[in-house]
Every structure is written in C-alpha cells, then in structure tokens.
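A quick write-up on the structure given underneath.
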Protein chains: 2
Amino acid sequence: MARRTRGAETDTPSAILDLAERLVQVRGFNGFSYGDVASELGVTTAALHYHFAGKAELGAALIARYAARFGDALAEIEAGGDDPPTKLEAYAGLYLDVLSDQRMCLCGMLAADYQTLPKQMRDAVVSFFDENEVWLARVLEQGKADGTLHFTGSATEAAQMIVGGLEGAMLVARPYGDTERFQTAAHRLLASVAHP
Amino acid sequence: MARRTRGAETDTPSAILDLAERLVQVRGFNGFSYGDVASELGVTTAALHYHFAGKAELGAALIARYAARFGDALAEIEAGGDDPPTKLEAYAGLYLDVLSDQRMCLCGMLAADYQTLPKQMRDAVVSFFDENEVWLARVLEQGKADGTLHFTGSATEAAQMIVGGLEGAMLVARPYGDTERFQTAAHRLLASVAHP
DNA sequence: GTCTATAACGAGATAGAC
DNA sequence: GTCTATCTCGTTATAGAC
C-alpha cells in the first residue's frame with residue numbers, strides 16, 4: 001500500500017515525536033535520551049538520527065508541533081463563539097487535559113530546563129508563552145468590553161498572571177497526583193478576573 | 001586555627017551544598033553533575049562522594065537545608081507581627097529574592113523533575129509544599145478573622161493557589177529574565193485574597 | 001579529607017552496509 | 001529507512017594511596 005492518508009501516527013517521524021513529547025513532558029528535556037525513544041519505538045538510535053539530526057533539532061520540532069496544536073485549539077475555542085468567561089474555562093480545560101494524562105505542559109517543563117536548552121529551543125519556548133498571552137489578552141479585552149469580565153490593570157498583565165498561574169498549578173499538582181487540586185486553583189485564578 | 005565559629009560556608013559540606021543548590025535551581029536535578037560541583041569547588045568528585053554518598057543523598061540534603069531555611073524565614077515573618085496582608089507580601093518577597101538571583105525555587109524546579117527523583121527526594125519536595133501551604137493558610141485565616149483579607153472557599157484552597165501561582169510566575173518569568181513580570185503577577189495573586 | 005586511578009555504564013553521534 | 005558497529009565523551013561510583 002502507498003501510505004496512510006490521515007492515520008496520524010503511522011509514519012516514523014510522528015511516532016518519534018509522540019514518544020519524545022511524552023518523555024519530555026514527564027521527565028524533562030534532560031531526563032530522557034535518544035535510547036529511551038528508540039527502544040520504546042523498537043528501532044535503533046541511528047534511525048532517530050536519520051529523522052532528527054540531533055536532540056536540539058528533535059526538541060525544536062517538538063515545540064513547533066506542540067505550539068501549532070495549541071494554536072489550533074485556541075482558534076477552535078475562538079470559533080466556538082462562547083462568551084469570554086466560557087472561553088477562559090475552555091482555555092484552562094486545555095491544561096487540564098494535559099495534566100490528566102500525567103504530563104506537565106511541554107513548554108512549562110522546558111521553562112524549567114530553560115538554562116540548559118539550545119538557543120533555537122529557548123526562543124520557541126518564549127514564543128509559545130507570547131502567543132498564549134496575546135490570545136488571552138484579547139479574550140480578556142472582549143470580556144471587559146461586554147461586561148462579563150472585570151479586572152484591574154492591563155489585559156496583558158492579567159493574561160500573564162493566568163498563564164503563570166496555570167503553569168504553576170500544573171507544576172505543583174503533579175507531585176500530588178491530584179487533578180482536583182489543579183482545577184480548584186484554576187477556578188480561583190479565573191474568578192479573579194470575573195468578579196466586579 | 002581551630003575552625004570558624006559561624007562563618008557559614010567555610011566547611012566543605014556547606015560549600016558543596018551551596019554550589020549544588022545553585023546548579024539545581026538554575027539547571028535542574030538532571031542538568032548538573034558531581035563533576036560540575038567538583039570543578040567549581042576545585043576538588044575531585046571522589047571528595048564529594050566522601051561527604052555525600054551519591055546524588056540522591058546530596059539531593060535530599062539540599063531539600064532539607066532549603067526547607068529549613070525557608071521555615072526560618074516564615075517564622076521570622078510570623079515574629080514580625082505585621083498584619084496578614086503585609087505577611088503575604090513578605091512571603092512573595094522570599095520568592096522574589098530567589099528569582100532576583102536568577103534561580104528557580106529549589107522545590108519548584110524539583111517538582112518539574114519529580115518523576116525522575118529518588119523516593120526520598122520526592123517525599124521531601126511534597127513536604128516542602130505542605131509546610132508552605134499550612135503556613136499560608138494560617139495567615140489567611142488570621143486575615144479573614146481580622147477583616148484585612150477577603151476570599152471565598154477555604155483558606156487551604158487559597159493557600160494552594162498562591163503557592164502554585166507564585167511558583168508558576170517564577171517559572172515563566174525566568175525565560176524572560178524579567179523580575180518585574182513576576183512582581184506584577186505576584187501582586188495580582190495576593191490582591192485576589194485581599195479585596196472584598 | 002582529599003587525591004589518583006579506574007571501573008562500568010550510558011549518551012549523543014557518525015560511517016557505511018543492506 | 002533502518003541496521004551494525006564504533007567512537008568519544010560524560011557521569012556515577014569505588015578502591016586504595018597519601
């Protein structure tokens with residue numbers, strides 16, 4: 001047969017990215033190796049080097065795919081046409097989905113590893129946060145305009161607090177293995193921009 | 001001469017802990033080696049193994065010392081006798097001090113590395129967060145009682161949000177190299193338990 | 001208490017066969 | 001596109017001299 005049309009993880013590069021993504025989200029960028037990915041995939045590390053020249057390139061590809069997927073999810077929320085408070089809930093839901101899979105946000109994890117990352121990865125991590133904050137700030141402005149949200153200071157500042165707050169809630173919830181803990185914190189964070 | 005009475009970092013074990021602590025806070029537990037500490041200290045790795053049997057023991061000692069120091073700082077804030085809102089500001093100030101030194105909170109960093117840590121370290125990380133939350137919850141209760149703080153839900157839930165929020169604000173602020181960003185987020189977090 | 005020496009292993013990477 | 005084989009280096013750890 002030729003090759004699957006849309007089966008997502010049938011090709012090797014995607015399978016590598018899937019495995020490496022999970023490993024980074026669970027163990028950190030310095031906590032996994034080419035060998036880990038190769039053995040889980042049932043190939044040798046040489047095969048990995050064929051698809052991704054080195055760990056830096058693999059890491060950069062991971063962030064690019066993750067950011068694209070996250071961007072798609074944001075666009076989908078936007079297209080939903082719900083009111084701003086509901087959009088914020090949906091946004092927090094994206095984080096909850098990741099945490100429910102026992103993972104940390106990829107870029108939150110890489111933020112911890114930041115000082116050890118190759119340049120290309122560093123810039124991509126910062127861009128991820130920038131994009132999230134721009135999207136959130138827009139939703140917050142919408143809410144302020146239509147009266148469904150109420151907060152002091154700039155929308156950007158509020159957006160930065162929400163991104164940091166959600167990342168931190170994930171970070172701390174994981175050692176406790178407690179998604180409830182995340183949800184409670186997330187609701188409190190969102191409530192802080194919802195009440196007059 | 002005999003040996004310094006209180007010069008803090010004159011003895012080798014303390015010097016090892018100081019260097020290792022900074023390395024973990026900057027690079028993560030899987031981002032530094034005995035070799036890094038040894039070369040910075042000007043000794044061999046064999047000398048390190050004399051003082052700390054292995055990386056797991058060194059890591060456990062790091063958390064124990066860090067938690068003790070943090071506990072002392074909390075007791076000092078408590079002893080200050082300020083009102084609850086001022087105590088919360090002082091608490092956030094502890095995080096700012098760490099971040100201003102270009103470091104992540106030791107236990108926040110280890111929370112990211114959690115899945116790769118030896119058991120003894122895992123338990124100590126969770127205990128650190130527990131102690132912080134108990135202390136914060138007490139301050140929040142005080143504030144609620146004397147009318148200087150106002151929040152919905154339990155004090156423990158609010159405390160968990162604050163700890164997670166501050167850790168996340170640090171986590172994200174570091175890639176930006178922006179302490180202002182942390183401070184703005186921290187003030188917003190504290191404001192969410194301060195206004196009626 | 002620190003050193004030299006060395007063991008034992010794992011990690012990232014490459015060359016060249018198939 | 002994947003393999004075998006190999007290289008080089010870093011990391012943790014130990015034995016024994018000083």
Side-chain angles (χ1 to χ4, degrees), chain A residues 1-4 7-24 26-63 109-110 113 115-122, chain B residues 1-4 7-24 26-62 109-110 113 115-121:
Chain A
M1 70 185 143
R3 105 130 114 71
R4 291 218 194 259
E9 278 65 79
T10 53
D11 56 307
T12 304
S14 295
I16 293 170
L17 289 172
D18 289 342
L19 288 168
E21 183 179 75
R22 182 173 51 75
L23 285 167
V24 173
V26 171
R27 305 176 52 89
F29 194 69
N30 298 313
F32 88 105
S33 71
Y34 259 47
D36 295 331
V37 178
S39 72
E40 282 199 51
L41 189 57
V43 298
T44 64
T45 59
L48 266 62
H49 280 285
Y50 172 79
H51 296 284
F52 301 95
K55 217 181 169 186
E57 288 77 14
L58 173 56
L62 283 177
I63 305 173
M109 183 62 88
L110 294 177
D113 297 327
Q115 294 298 326
T116 69
L117 299 182
K119 180 88 171 74
Q120 50 191 352
M121 289 184 65
R122 291 192 190 194
Chain B
M1 69 186 145
R3 109 130 114 68
R4 292 217 192 257
E9 278 67 79
T10 52
D11 56 308
T12 303
S14 295
I16 292 170
L17 289 172
D18 288 342
L19 287 169
E21 183 178 75
R22 182 174 52 75
L23 284 167
V24 173
V26 171
R27 304 177 53 90
F29 194 69
N30 297 314
F32 89 104
S33 70
Y34 260 46
D36 295 330
V37 178
S39 72
E40 283 199 49
L41 189 58
V43 298
T44 66
T45 59
L48 266 63
H49 279 285
Y50 172 79
H51 295 285
F52 300 95
K55 218 181 165 185
E57 288 76 15
L58 173 56
L62 283 177
M109 182 62 88
L110 295 176
D113 297 327
Q115 294 298 328
T116 69
L117 299 182
K119 179 91 170 73
Q120 50 192 348
M121 288 184 67

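Everything numeric in this text was worked out from a predicted model, so none of it was measured. Lettering follows sequence order; numbering is per chain, from 1.
Atom C1' of nucleotide dT2(D) and atom NE2 of H51(A) are separated by 8 Å, given to the nearest angstrom. Rounded to an integer number of Å, the gap from CG of L48(B) to P of dT2(C) is 9 Å. For the pair D11(B) CG and dG1(C) P, the computed distance is 10 Å after rounding to whole Å. We find that CG of L58(B) is positioned 14 Å from C1' of dA13(D), with the value rounded to whole Å. Going from atom OH of Y50(B) over to atom C1' of dT2(C) covers 10 Å, rounded to whole Å.
Residues L41(A) and T12(A) form a side-chain contact, since some pair of their non-hydrogen atoms from C-beta on lies under 4.5 Å apart.
Contact between V43(B) and L48(B) at its shortest, heavy atoms only, is CG2-CD1, 3.7 Å. Contact between Q115(A) and R27(B) at its shortest, heavy atoms only, is O-NH1, 4.5 Å.
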Practice task
Mark up nucleotides 11-18 of chain C, 5' to 3', with B wherever a protein heavy atom is under 4.0 angstrom from a base atom, S wherever such an atom reaches only the sugar-phosphate, and - elsewhere.
Solution key: SSBB----
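Every pair passing salt bridge (Lys or Arg N to Asp or Glu O under 4.0 Å) that includes a residue from residues 31-46 of chain A is listed here, sequence neighbours excluded: R22(A)-E40(A).
Using a 3.5 Å distance cut-off with no hydrogens or angles, the side chains of D113(B) and T116(B) do not pair a donor with an acceptor.
When distances run from any side-chain atom of T12(A) to the nucleotides dG1(C), dT2(D), dC3(C), the shortest one goes to dT2(D).
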Hey, can you pull the donor-acceptor pairs under 3.5 Å for the side chains in residues 49-59 of chain B, sequence neighbours left out?
unit_1	atom_1	unit_2	atom_2	d
H49(B)	ND1	A53(B)	O	2.9
K55(B)	NZ	F29(B)	O	2.8
K55(B)	NZ	F32(B)	O	2.9
E57(B)	OE1	G54(B)	N	3.0

